[in-house]
Amino acid sequence: MAWHLGLLVSLLVVFSSGFTEATTTRRMDDFISAVERIEAENPGLQMLDVVKGLRKAAGFETNLIKHHLGDLSDARDLVTDPSVISYLSKVIKHSISQLGEEEGVVLTLDGSNVALAPMLLGLEAGLQSTIQGLYPLTLTENLVASFVHHAHNEQSSIPLGTKGFWDSIKSPKVYTLSGLPSLATDALIIGGIDGLILGSEVATSDLRELSLSDLLKSYYSHALNAAGLDAAPRLISQNRRMNFKKLVSFSLLKNQVVQAVTVRRNLNESERKRLDDVVNEGFEEFVHVYAVCPKIITRSQWGAAAFIGSPSYLSLPVPYLFIHHTYRPASPCTTFEKCASEMRSMQRYHQQTNGWSDIGYSFVAGSDGNLYEGRGWNWVGAHTYGYNSRGYGVCFIGDYTSTLPSTSAMNMVRYDFTSCAKNAGRLSSSYYLYGHRQADSTECPGNTLYRQIQTWERYQVKR
């Protein structure tokens, strides 16, 4: 007993001394630290007790939540310092300010921006074995609200997926949306996907016996080794898209969205037709972005400097895809923070040393599971002399003269990127695939990688 009391006191000292930073930053690790403190100060609670207690502490309850999860009359009052409750309330409750700042969002180790509310609601539904509530609580309701809003505000909104950027990657405090808004932001959708995955897992396995902090750490805080995702466990956030595609029933989700829209409002025939079109187009975009495409880290998310001058625009679809490697940096990056740093370093070199307008590549593949936006889908690049205005240049971070990128990184480019690009009409369905050396005097993309891409679909022997 004395040993247990000593451990508890030690944990409280650690949490008390380190929590000042956690109350001001918005990293998933900060949230997990707060949960660990809750668990230490309220020993004996099961995961469901903690999840419901967090929802009660945040004052997070709606008619939809009560319908599927019941009210909070039996939820435990979590014993902790008021500053912890204040932090949890701010970090769990989702809102968007008039300045476009999205609250209730945290930055994860893999570079995702996750709204905590739908993630926790999905977990609670799974822990209560309320499987019929998983889709409505995590995704359906947010998609419906966003589609209805967009149907009435087409010029000033998008159907879904508004992304944003943090004021700092190392110490994130403010997350600001960029571009036109949507009610189903990217962070809400990512949080909903995680809620669907984790809720399904705890409903059907012994993961419910873990503490909440241990479950969240195993999912969000797994550090990849040099092999990247090739040697990683299945249930981690870096595998979010893979797990989501295996788990979700898109037909069921769309049926729920359509039914919810049907009973939501009384509309005339013209309004109903327009809303139906928005739902169909919006759902198609949802599947494209979150199930077909790889996770793409935008320029603002990795901290890109501004383009120097004005970009020229590609004429889409482009017919060529060129594969590159960085050579320097020579080592693959396996974390978002490291890959983002490499992107900024490459951009500085291209702009300041080469005198280019921007980083040269269209997209860059990390070994962390992310594809990084360079000049992106629409801007002419500076990657392959003679083909910059007619193709995309995709680069793997690392030197692949004598080794290969991870299989997961190669598959992301070979399958996910090309499917994403073709489906959106950006890359011709009959595109030509080349290595950089086929168009210029260079060893790029490295001997070993070049041999590998010769086995890929659409590879061409001659340019």
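Computation of the quantities below employed the complete heavy-atom set of this structure, encompassing side-chain atoms and omitting hydrogens, waters and symmetry-equivalent molecules.
- A 4.5 Å side-chain heavy-atom check between Leu137 and Leu64 finds at least one atom pair inside the cut-off.
- Between Glu269 and Lys273, no side-chain nitrogen of the basic residue sits less than 4.0 Å from a carboxylate oxygen of the acidic one, so the salt-bridge criterion is not met.
- Between Tyr392 and Phe363, the two ring planes are perpendicular [angle over 60°; tilted spans 30° to 60°].
- Salt-bridge annotation for Lys93 and Glu103: absent, with no side-chain N of the basic residue lying under 4.0 Å from a carboxylate O of the acidic one.
- Taking the six-membered ring for Trp and thresholds of 30 and 60 degrees, Tyr434 and Tyr432 have nearly parallel ring planes, at less than 30 degrees apart.
- Between Tyr361 and His350, the distance separating the two ring centers is shorter than 6.0 angstrom.
- A salt bridge links Arg414 to Glu457: one of the charged nitrogens lies within less than 4.0 Å of a carboxylate oxygen.
- In this structure, Tyr320 has its ring center no closer than 6.0 Å to that of Tyr431.
- A centroid separation of 6.0 Å or more is found between the aromatic rings of Trp302 and Phe336.
- Taking the six-membered ring for Trp and thresholds of 30 and 60 degrees, Phe250 and Phe244 have ring planes more than 60 degrees apart, a perpendicular arrangement.
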Dump the intermediate steps for side-chain contact (heavy atoms from CB on, under 4.5 Å) on Glu154 and Arg274, then the final yes or no. CA-CA 11 Å; Glu154 292 188 55; Arg274 182 56 202 142; 2.7 Å; yes

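- Under 4.0 Å is where a charged nitrogen must lie from a carboxylate oxygen, and between Asp110 and Arg240 at least one such pair does.
- For Asp277 and Arg272, the salt-bridge test fails: no basic side-chain N is under 4.0 Å from an acidic carboxylate O.
- Residues Lys170 and Arg27 approach most closely at O-NH1, 3.4 Å, considering heavy atoms.
- Atom CD of Glu61 is surrounded by more than 12 heavy atoms from other residues, nucleotides or ligands within 6.0 Å.
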